[in-house]
Amino acid sequence: MRIDRSLLLIAAALLAGACAEKPYGPVPSPAQLEWQEMEMNLFCHFGPNTFTGREWGDGTETEDLFNPTALDCRQWAATAKAAGFKGIIITAKHHDGFCLWPNPVSSHTVAQSAWKDGKGDVLKELSDACREYGLKFGVYISPWDRNDPHYGTPEYNQVFVRTLESALGGTYGPVFEQWFDGACGEGPNGKRQEYDWPLFNGTVLKLQPQAVIFSDVGPGCRWMGNEAGRAGRTNWSRLETEGFEPGKASPSLDTLNQGNRHGSRWIPAETDVSIRPGWFWKASETPRLKSLQHLLRIYYESVGRNSLLLLNVPPDTTGRLDRADSTRLMEFRSALDAIFARNLADKARIRRKGNTWTVTLRKAVPFNRLVLQEDITKGQRIAAFTVEVQKDNGEWEPVASETTVGYKRIVLLPDRTARCLRIRVDETLARPLLSHIALFQDDIYQEKTEEEDPGTVHGLSEIRYLDLGEVKDVQGFHYTPAAKGRGGVIIDYRLEASEDGTRWTVVEEGMFDNIVNNPVRNEVRKPFTARYLKLVPVRSSNGTTYGIADFGII
Ligand code: FUL
């Protein structure tokens, strides 16, 4: 066993040709490297929204609303562990300001709630459970706070620092990632907070030096620009952050998605996406849980594209993960196990000549997935590569042409049976260093082209009408933007209803929460009676048009 391992290490070093190599550009810190190797973590959105069915609470919710009947963080941890996740990040404080721990500088916390007579502490229960199951523990703490009376004044920054101190100060042990959400939906006349980022980041790192700080622009890792689980096909772990600040000015979504080829800082991408349409649990969304195929697509487009996957699986009102979700997670796990069980190239001969690696298997076998890894301790270098397989007649057939590799790249190849394959690096910023080459056969995932409804785009003055055919009692309505938010999304709306088509009453005026970042079906539950409906778009994300795939009643 010992000999095998040392031989393996020598082989890996030779493969990389890395020993004497100087780093190219910025490189990951030890904490960032450890973080990247986690590959998949679980996100848990939990709080008053779990009980109200909202995505963004407005901070006026009474504390007693938060009352999980059977909170079981050990069940979250056991599920995460069994499904192969390495850590859990919890929404300790979402935008509604409610704290899942007794934060002494807030009067909107579990301590003011009826749950466990105000003695409950979700962070304590979850951090203990993570420790028990060998998982790392991380916290999401939203800077945007719709409850704290200081928000919008300089004093808020001090309150926020004390909030960080209380959550990160040691009570809950080591924190591997601090998640700073950049969202702020205050609207044109809302409150504006000048955040003191050097103070916030400094506080986190003083208390938890190993923590990787997430925000739109790092410093530890970056948002990859959408909530649909798609990292860039080109994805650099470098970013240029000069002139940007979380929640204020960010690089474009495309830049976040792809990084900067020549960025001066190492800020790798994290893909956060929910297993459900929304981030918080809602009974109505259980039937719309993402399919196994969808989760595999997300895996290939996050972990397989040089990004960490942070998959949200929100606990329900009992305080447990929904059985439907945990079953899906286990299906996901067994699919990954089946696909990646056997590296078909583990006994292959791998030869490097210049910038080309030739992989010769013992015999011809079917394969359709190629895993490549760069030795990122020396920086990210490869900018373009081609994969070719050798046909029976000896000719080389190009089967894939891609750009970046980074920590991990999984290339989806067409089904081929062959004995020889070669990887040619066509463009590189420094001598390319591959540290791992592996081949697999995936018989489960079926790559499909876009299944979302492309929808139609309309001017902001165009109102949507709906005739239900007869007067009906309805429970509410739903709006789905065009796929990927094409043509803009409605943010503020007014819904009017009529029984006869002449006298109209306003049923609801409001805002679709988080719809810009997550342009999926939004439901507004509010019972009314009507035959005719009109959805009046009051404000859209681009100010002039909005896309729509669906508008209907519940
Ligand atoms: C966004 C938030 O506004 C959503 O509610 C959610 O927490 C998501 C992970 O980040 O910015």
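Both ligands and their constituent atoms are indexed starting at 1 by order of listing.
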Item to check | Lys/Arg-Asp/Glu bridge criterion (N-O < 4.0 Å) met for Arg192, Glu194 | outcome: no
Note down each nitrogen or oxygen pair, ligand 1 side and protein side, whose separation is under 3.5 Å; give only atom names and the distance to 0.1 Å.
| residue | atom | partner | partner atom | Å |
| --- | --- | --- | --- | --- |
| ligand 1 | 3 (O) | Trp56 | NE1 | 2.9 |
| ligand 1 | 3 (O) | His95 | NE2 | 2.8 |
| ligand 1 | 3 (O) | Asn514 | OD1 | 3.4 |
| ligand 1 | 5 (O) | Trp56 | NE1 | 3.1 |
| ligand 1 | 5 (O) | His94 | NE2 | 3.0 |
| ligand 1 | 7 (O) | His45 | NE2 | 2.7 |
| ligand 1 | 7 (O) | His94 | NE2 | 2.9 |
| ligand 1 | 7 (O) | Tyr140 | OH | 3.3 |
| ligand 1 | 10 (O) | Asp181 | OD2 | 2.8 |
| ligand 1 | 11 (O) | Asp181 | OD1 | 2.7 |
| ligand 1 | 11 (O) | Asp181 | OD2 | 3.0 |

Item to check | Which residues share a salt bridge (Lys or Arg N to Asp or Glu O under 4.0 Å) with Arg464, sequence neighbours left out | outcome: none
Checklist entry - Just checking, is any N or O donor in the side chain of Ser250 or Asp216 under 3.5 Å from an acceptor N or O on the other one? => result yes
Checklist outcome for this item: By ring-ring contact (aromatic ring centres under 6.0 Å, His included), His45 pairs with (sequence neighbours left out) Phe43, His94, Tyr140, Trp279, Phe280
Next on the checklist: Measuring from atom CZ of Phe66 to atom CH2 of Trp115, what distance do you get when rounded to the nearest 0.5 angstrom?
Outcome noted: 5.5 Å
Next on the checklist: Show every side-chain hydrogen bond (donor to acceptor under 3.5 Å, both in side chains) that has at least one partner inside residues 75-91, sequence neighbours left out.
Outcome noted: none
